[in-house]
Structures are given as structure tokens and as C-alpha cells.
J.: 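Questions regarding the structure given below will be posed in turn.
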Amino acid sequence: MPDPYDTIHAALDLARYAPSSHNSQPWQVDIGPPDATLTRTVTFCLDEATRLRALDTLDAEMAMSLGAFVGVACRAMTLAGLDWTCTALPDDIGVTLRVGRGSPPSPEALRRFGDLVHRRRTCRAPFRPDPLTAAQRLALQARGWPALGIGTAARVEVLTDRRHCREVARLVSHFGALDFSDFAAWSETYAHIRFCPAHRLREGRGFSIDSLLGPISRLQRLGLQIALHPVSLQLLRPFGLPRRLAQGLAELTAAAPGVLVLTAQQPDPGVADMIETGARLSELWLGAAELGVQVHPLSVLLQHLEPRQALQDGLSLPGLPLFIARIGLQSPPEVRTPRIRLETILRQPEGAAGMPLTDSIGK
């Protein structure tokens, strides 16, 4: 039975394209040495230097971001013929996998999965007015991946009634300025915005201003770099700039064909539940991409306690909302957000380079 290192390495390389808050990619991985049965221990945790921490509520987002990364890696390993068991770290946001050879690989399914991971984008553009079909709504809620087995994933709510979209838009309009007026939180967000054309960002963290606004001129980028600076926004608060920015997102939400909400299945979800929910979110987001359905998170409604409670009450949700996004049909952005190198993620990279992703999974 061969050492699974190369397959683990390729799966982690693909998992770099999982979604994360602000595209912060706050992941660290340690691949342990093989034991006598050539089983390896792979530990996933947060990178303390790059995790978001401006708000207490961001701990949940970071756990979900880690879960999204772990979910893609586990799915790739399964399709590549590896078996794994997952255990939550007792005193940290993280998990440990025991990985060894398992069932025969499914090369064609693995190739399709890799292609899908590479095609997934966060689409912030206006969506087409076409409604989601009943088949699309059911497919979004279907579960195909095995759970990590460490907690309880959130339930999926796909809401397409116009009243729901209008209510979420109202909340975004009312509370959206919190995203811009909280100095610490916006400073952290601003640090992830790159004021250069999206196609120039091939490596790293964060996202281009083009990802928010579409292609703009060099002069516009310079103006926005100044206007959106945290100090500038504080000075411009009396003139209503944060509220005008929030209103634009509210209008996009009101026109969307639907909203997607993940709600906790217990009153006080723990870290393991949030990691499990992140893995579920990866499956859901990739399933949406396969259907041509785009997903645009509305995180401002969850990062502060008042709008989170207002969201739960306004939509009569059965549990605490953990994720919300507007969803609809639209062509995905052509340019994807940049990614850090796998070597940056590996805490103790081995001497073996592992087979390149382009030769093993997807493109």
C-alpha cells in the first residue's frame, strides 16, 4: 500500500480554492509522518497571524472558513481513493484527520470535482431576474458529501418569496453601514482590498476592488483607495457615505431571486458545529456553481448581534442564522481571487514536493 502523501498534498492544493471570509485563507496544515500502516495524521488549524479578529463574532466565521477548506480537502481525498476519520481539536479551532488508503479512486469524478472547485466564484454583480426553479431549490438543499462527523451542520433554507428578499434588503439598508462605520472591523476589511486590476492578482490574500465594483479606471481606483480608507470613512460619516454604500448592497439584495440562509440546529452551536457547517457550505456553494446559481454573502447581518437577531425575527427562522447570501443566476466573474501557495499553508512541509495539482486534480 503506497504512502498517501502525494494524494493528500494534491487534495490540499485544490482546497486552497475554498471560500473564506475576505479571502483571508486563514489556514495552517501539518502533515505528520506515516505510521507502520502508512496512515498519516493531518492537522488543520487557523493561522493566528492571518485570521480575522476585529469582532468577537468573527471566530464563528473563521471556524466556518476552516471547515470549508477541510470539506473540499476531504471530498478530494475520498474521490482519490483515501479513507479518513475526523476528530475536533479539544482546545482550539481545528481538526485532525487520520488518512490512509481506502476504496479505489474515481479519476473521472475527481477531475470533474477539481474543475468545479476552480469554476466557483463569489459573484457580487446584479443577478438576472429569472426565478430559481423548484429543481434548483431542491438540489441546493440536497446532501451528497459525508459529514465530517464532529458536530451538527446547520440546516439549509432557500427562500425565494419576494417578501423574504425585501425584508433582507431592508435589514441590509438599515444595518449595512455598521460594516463601514466600525473602525476596527472596516480597517481589517480594507487591509484585504487590493486597488489594482483583478487580473494582476495571481497570488496572495484578499480581493481586487474590481471584484466589488467591476472593471474601473485607474483614476477611479485611486479615488476609492482614498475614500474607502478607514480614516476617510470616519470623516465622511456625517455626510452619509457608509449608508450610501450599504444602500447599493440593499438594492442588489432586493432584486435577487432568493436568499440562502444556514441556521443552527441547536441553541448554542460550538466550534465543532461551525467547522461542520463550513464543510456543508463548501458542498452547497459548489453545488450552486454546478447549477449556475451564484452566491453573494451578506455577512454584515451576522457580524453584529442586533442585525443577527433582527434577521432571525424578520424571516421567522427556526434557529440562529450562521450564514446568509443573496442567490441568483448570472455568469460567474472571469477572474478568480488570488490564492496563497500551498507551501505557505503547510506548517511542516515534507521534503517531497508532491504531485502538482495540474497533474492530479482538475485544471
J.: If only atom types and distance count, is the side chain of His22 paired as donor or acceptor with the main-chain N or O of Ser24 below 3.5 Å?
T.: no
J.: Determine whether Ile31 and Leu12 satisfy the following criterion, side chain to side chain contact (heavy atoms under 4.5 Å, CB included), listing intermediate values before the conclusion.
T.: CA-CA 10 Å; Ile31 305 176; Leu12 294 173; 3.7 Å; yes
J.: Quick check on the hydrophobic clustering: are Leu249 and Leu159 connected, directly or via other members, by side-chain heavy-atom contacts under 4.5 Å?
T.: yes
J.: Tell me whether Arg155 contacts the main-chain N or O of Ala264 through its side chain, where contact means a donor paired with an acceptor under 3.5 Å.
T.: yes
J.: Is it true that a side-chain atom of Ser232 and a backbone atom of Ile226 form a donor plus acceptor pair closer than 3.5 Å?
T.: yes
J.: Nearest 0.5 angstrom please: Thr7 OG1 to Leu82 CG, how far?
T.: 5.0 Å
J.: How long is the straight-line distance from CG of Asp47 back to CE of Met62, given to the nearest 0.5 Å?
T.: 11.0 Å
J.: Flag the pair Thr277 / Pro269 as yes when at least one side-chain heavy-atom distance between them is below 4.5 Å, and no otherwise.
T.: no
J.: Is Leu346 close to His9 at the side-chain level, that is, under 4.5 Å between some pair of heavy atoms?
T.: yes
J.: Around Arg143, counting heavy atoms of other residues, nucleotides and ligands shown, do more than 12 lie under 6.0 Å from its CZ?
T.: yes
J.: Taking Ala254's backbone N and O only, do any of them form a donor-acceptor pair with Arg166's side chain (distance below 3.5 Å, no angle check)?
T.: no
J.: Would you call Asn23 and Thr122 a side-chain contact if the rule is heavy atoms closer than 4.5 Å?
T.: no
J.: Share the residues that join Leu201 in a hydrophobic cluster, the rule being Ile, Leu, Val, Met, Phe, Trp or Tyr side chains under 4.5 Å apart at the heavy-atom level.
T.: none
J.: Evaluate the side-chain hydrogen bond (donor to acceptor under 3.5 Å, both in side chains) criterion for residues His304 and Thr57: first the C-alpha distance (whole Å), next the side-chain angles of each, then the deciding distance (0.1 Å), finally the verdict.
T.: CA-CA 7 Å; His304 303 270; Thr57 52; over 6 Å; no
J.: For the backbone of Cys123 and the side chain of Gln294, can you confirm whether one donor and one acceptor N or O come within less than 3.5 Å of each other?
T.: no
J.: Where the side chain of Trp27 meets the backbone of Val70, is there a donor-acceptor pair that is under 3.5 Å apart?
T.: no
J.: Count I, L, V, M, F, W, Y as connected when their side-chain heavy atoms are under 4.5 Å apart, and connections chain through other members. Are Val172 and Val261 then in the same cluster?
T.: yes
J.: For Trp285, what residues pass the side chain to side chain donor-acceptor pair (under 3.5 Å) criterion, not counting sequence neighbours?
T.: none
J.: Before accepting this row, confirm whether a basic side-chain N of the pair Glu283/Arg75 lies closer than 4.0 Å to the acidic partner's carboxylate O.
T.: no
J.: Under 3.5 Å, side chain of Asp92 to main-chain N/O of Gly94, donor-acceptor pair present?
T.: no
J.: Test side chain to side chain contact (heavy atoms under 4.5 Å, CB included) on Asp179 and Leu245; report intermediate values, then the result.
T.: CA-CA 10 Å; Asp179 216 19; Leu245 293 171; over 6 Å; no
J.: Could you tell me whether Arg124 sits above the aromatic face of Phe207, with NZ or CZ closer than 6.0 angstrom to the six-membered ring centre and within 45 degrees of the axis?
T.: yes
J.: Would you give the length of the straight line joining atom CZ of Phe44 to atom CG of Leu66, rounded to the nearest 0.5 angstrom?
T.: 8.0 Å
J.: What distance do Arg205 atom CZ and Ile340 atom CD1 have between them, rounded to the nearest 0.5 Å?
T.: 4.0 Å
J.: If you count every heavy atom of other residues, nucleotides or ligands that lies below 6.0 Å from Leu305 atom CG, does the total exceed 12?
T.: no
J.: Are side-chain heavy atoms of Arg308 and Leu322 found at a separation under 4.5 Å?
T.: yes
J.: Check whether Glu276 reaches the backbone of Gly149 with its side chain - one donor and one acceptor, N or O, closer than 3.5 Å.
T.: yes
J.: How about CZ on Arg162, more than 12 heavy atoms from neighbouring residues, nucleotides or ligands closer than 6.0 Å, or not?
T.: yes
J.: Mind running side chain to side chain contact (heavy atoms under 4.5 Å, CB included) on Phe195 and Leu222 for me, showing each step along the way?
T.: CA-CA 7 Å; Phe195 293 91; Leu222 179 59; over 6 Å; no
J.: Could you tell me whether the side chain of Glu167 and the main chain of Gly314 form a donor-acceptor pair under 3.5 Å?
T.: no
J.: With clusters defined by side-chain heavy atoms of hydrophobic residues (ILVMFWY) lying less than 4.5 Å apart, directly or transitively, does Val42 cluster with Leu46?
T.: yes
J.: In Å and rounded to the nearest 0.5 Å, what is the OG to CZ distance from Ser331 to Arg128?
T.: 6.0 Å
J.: Roughly how far, to the nearest 0.5 Å, is CZ of Arg120 from OH of Tyr17?
T.: 11.5 Å
J.: Would you call Asp35-Arg98 a salt bridge at under 4.0 Å N-O?
T.: yes
J.: Check step by step if side-chain hydrogen bond (donor to acceptor under 3.5 Å, both in side chains) holds for Ser282 and Arg280.
T.: CA-CA 5 Å; Ser282 266; Arg280 177 71 180 99; over 6 Å; no
J.: Test Phe183 against Tyr190 for ring-ring contact (aromatic ring centres under 6.0 Å, His included), laying out the working first.
T.: CA-CA 10 Å; Phe183 185 81; Tyr190 183 84; over 10 Å; no
J.: Report the C-alpha distance between Glu61 and Ser21 in whole Å, list the side-chain angles of each, state the deciding distance to 0.1 Å, and finish with yes or no for side-chain hydrogen bond (donor to acceptor under 3.5 Å, both in side chains).
T.: CA-CA 7 Å; Glu61 282 196 25; Ser21 297; 2.6 Å; yes
J.: I'd like to know if Asp59 and Arg51 make a salt bridge, using a cut-off of under 4.0 Å between side-chain N and carboxylate O.
T.: yes
J.: Any salt bridge between Glu48 and Arg53, counting N to O under 4.0 Å?
T.: yes
J.: Quick check: are there more than 12 heavy atoms from other residues, nucleotides or ligands sitting under 6.0 Å from CG of Asp130?
T.: yes
